[in-house]
Amino acid sequence: MTFPEAAAVGTLAFYSDFDDFQTWKKALQTQLPALQVIHASQTERPEEIDYAMVWKPPQGIFERMTNLRLIINLGAGVDSLVGRDDLPRNIPITRITDPQMSRMMAGYVLFAVLRHARDIPVFEQAQRSGRWAYRHPRSPEEMTVAVLGLGHLGAKAAHEIQRQGFRTLGWSRSLAQIDGVECSAGMETLDSVIGQADIVVLMLPLTPQTMHLFDRARLEKLRPGAAFVNVARGALVDQAALTELLQSGHIGAATLDVFEREPLPAGDALWSMPNVLITPHLASVAIPSSSAKQIAANILRVAAGELPDNIVEPSRGY
Ligand code: NDP
């Protein structure tokens with residue numbers, strides 16, 4: 001990579017209702033002191049913006065950014081960006097695939113898997129009623145965990161799960177290879193994968209192909225009593241069907257970080273179900289100090305006339 005003169009790096013506009021502008025500005029300027037970082041809502045000359053770093057920006061945000069050279073999605077999931085009709089054409093879009101973000105996600109998934117595998121929800125409930133509820137622990141080797149989606153986040157999570165001794169199945173669109181993980185690919189293998197698993201973990205992007213992939217019929221193919229973990233996107237799952245199958249016990253328990261509607265509405269049946277753990281969409285987040293290095297490297301590439309890394313393909317949706 002040929003590095004441009006510092007002054008030629010340009011101006012970046014930031015937009016996120018979830019992330020702190022000043023923290024990101026500082027992290028980016030630590031990497032690129034010459035980069036101008038402004039908030040997209042405060043810019044008077046949008047035509048001077050070279051890079052837009054955004055998370056769920058308002059409609060029309062790119063309209064007057066006539067010299068835009070790069071869109072950086074401030075997160076790993078791009079579903080809220082790629083389907084939009086106001087996206088400028090032929091501008092590369094990148095996303096964050098920071099190793100620290102993968103580690104944070106793998107930590108959450110491992111916690112959820114171990115919690116189900118070690119029957120912790122049973123003990124949590126027993127404790128509330130003062131009961132000593134001994135259950136002999138199952139060994140991890142006796143249990144199968146399926147990780148659906150083996151990208152930057154899923155591959156790391158699958159690796160951590162197999163390290164604990166679980167039989168680990170991985171599933172993706174193209175066949176992956178991960179040491180210790182039995183991988184398969186394609187729709188024709190999905191039902192067999194989920195039918196073998198005691199714990200199913202969703203780590204797929206939301207695309208037209210994966211929307212409601214877990215409809216009622218597919219959820220019914222889970223093993224009776226299996227645990228279900230969704231850290232990907234709520235719309236991958238028919239939430240009403242999931243709720244009913246959790247109520248009937250066909251699905252034994254769930255850890256849900258994402259929902260069809262967020263925040264999950266007050267009064268939703270899921271809130272009060274003893275076999276469901278709800279967290280408010282935070283399994284992993286972009287960490288400014290580490291992600292800024294990757295963003296800065298991409299800005300330098302684009303400023304030097306090269307293509308950035310981690311390009312999103314809007315046509316495939318991820
Ligand atoms: P990647 O794009 O790196 O990986 C996606 C994986 O899903 C790949 O293995 C891909 O297959 C597979 N896949 C995509 N479409 C299909 C399909 N139709 N059938 C089978 N497999 C498919 O994504 P990441 O790992 O970075 O992130 C995954 C998702 O996690 C994000 O899209 C986001 O929605 C979610 N997320 C949630 C967070 C949270 O806090 N809850 C935080 C960050 C992300 P292939 O390898 O063949 O391309």
Side-chain angles (χ1 to χ4, degrees), residues 16 18-19 55-56 72-83 93-112 146-161 168-178 181-194 200-215 218 228-237 254-264 277-287 290-291 294 309-318:
S16 169
F18 295 81
D19 303 272
W55 181 250
K56 300 189 175 172
I72 303 148
N73 182 65
L74 215 180
V78 292
D79 47 286
S80 60
L81 196 60
V82 292
I93 303 172
T94 67
R95 66 188 188 104
I96 293 178
T97 58
D98 174 45
Q100 290 199 24
M101 192 179 192
S102 314
R103 189 178 63 186
M104 187 188 262
M105 178 60 95
Y108 182 104
V109 170
L110 197 54
F111 151 76
V147 179
L148 311 183
L150 299 171
H152 283 273
L153 302 178
K156 171 92 175 151
H159 170 74
E160 293 297 334
I161 291 165
T168 307
L169 310 180
W171 183 78
S172 53
R173 207 165 65 129
S174 52
L175 191 61
Q177 273 199 330
I178 304 168
V181 179
E182 296 171 39
C183 293
S184 46
M187 280 309 297
E188 61 284 5
T189 61
L190 177 58
D191 290 345
S192 150
V193 170
I194 62 174
V200 171
V201 186
L202 285 198
M203 303 194 73
L204 293 160
L206 177 62
T207 67
Q209 286 71 43
T210 62
M211 167 82 86
H212 272 205
L213 184 64
F214 279 78
D215 56 11
R218 182 149 288 112
F228 189 75
V229 178
N230 189 0
V231 291
R233 285 293 181 265
L236 294 172
V237 183
T255 300
L256 305 174
D257 186 53
V258 289
F259 303 87
E260 280 181 338
R261 262 184 70 197
E262 294 179 5
L264 180 66
L277 175 65
I278 289 170
T279 54
H281 198 150
L282 43 61
S284 187
V285 292
I287 299 159
S290 57
S291 306
Q294 180 186 82
D309 267 356
N310 291 319
I311 294 191
V312 172
E313 286 179 38
S315 60
R316 70 172 193 179
Y318 70 104

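Counting starts at 1 for both ligands and their atoms, in listed order. Quick note: numbers below take in every heavy atom, side chains included, and nothing from hydrogens, waters or symmetry partners.
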Partner set under salt bridge (charged side-chain N to carboxylate O under 4.0 Å, His left out) for Glu182, not counting sequence neighbours: Arg167
At their closest point, which heavy atom of Val193 faces which heavy atom of Ser184, and how far apart are they? CG2-OG, 3.3 Å
Please list every donor-acceptor pair under 3.5 Å in which a side-chain atom of residues 101-108 meets a protein atom from a residue at least two apart or in another chain.
unit_1: Ser102; atom_1: OG; unit_2: Asp98; atom_2: O; d: 3.4
unit_1: Tyr108; atom_1: OH; unit_2: Thr279; atom_2: OG1; d: 2.6

Donor-acceptor contact present, side-chain Thr210 to main-chain Pro205, <3.5 Å: yes
Arg316 (side chain) donor-acceptor with Tyr318 (main chain) under 3.5 angstrom: yes
Who pairs with Ser172 by side-chain contact (heavy atoms from CB on, under 4.5 Å), at least two apart in sequence or on another chain? Leu150, Ala176
Check: every ligand 1 N/O to protein N/O pair under 3.5 Å:
unit_1: ligand 1; atom_1: 2 (O); unit_2: Arg95; atom_2: NH2; d: 3.4
unit_1: ligand 1; atom_1: 3 (O); unit_2: Arg95; atom_2: NH2; d: 2.8
unit_1: ligand 1; atom_1: 3 (O); unit_2: His152; atom_2: N; d: 3.0
unit_1: ligand 1; atom_1: 9 (O); unit_2: Leu150; atom_2: N; d: 2.9
unit_1: ligand 1; atom_1: 9 (O); unit_2: Gly151; atom_2: N; d: 3.2
unit_1: ligand 1; atom_1: 11 (O); unit_2: Arg173; atom_2: N; d: 3.3
unit_1: ligand 1; atom_1: 21 (N); unit_2: Arg173; atom_2: N; d: 3.0
unit_1: ligand 1; atom_1: 25 (O); unit_2: His152; atom_2: N; d: 3.3
unit_1: ligand 1; atom_1: 25 (O); unit_2: Leu153; atom_2: N; d: 2.9
unit_1: ligand 1; atom_1: 26 (O); unit_2: Arg95; atom_2: NH1; d: 2.8
unit_1: ligand 1; atom_1: 26 (O); unit_2: Arg95; atom_2: NH2; d: 3.4
unit_1: ligand 1; atom_1: 34 (O); unit_2: Arg233; atom_2: NH1; d: 3.2
unit_1: ligand 1; atom_1: 40 (O); unit_2: Ala283; atom_2: N; d: 3.3
unit_1: ligand 1; atom_1: 40 (O); unit_2: Ser284; atom_2: N; d: 3.1
unit_1: ligand 1; atom_1: 40 (O); unit_2: Ser284; atom_2: O; d: 3.0
unit_1: ligand 1; atom_1: 41 (N); unit_2: Val231; atom_2: O; d: 2.9
unit_1: ligand 1; atom_1: 41 (N); unit_2: Asp257; atom_2: OD2; d: 2.9
unit_1: ligand 1; atom_1: 47 (O); unit_2: Arg173; atom_2: N; d: 3.4
unit_1: ligand 1; atom_1: 47 (O); unit_2: Ser174; atom_2: N; d: 2.6
unit_1: ligand 1; atom_1: 47 (O); unit_2: Ser174; atom_2: OG; d: 2.6
unit_1: ligand 1; atom_1: 48 (O); unit_2: Tyr318; atom_2: OH; d: 2.6

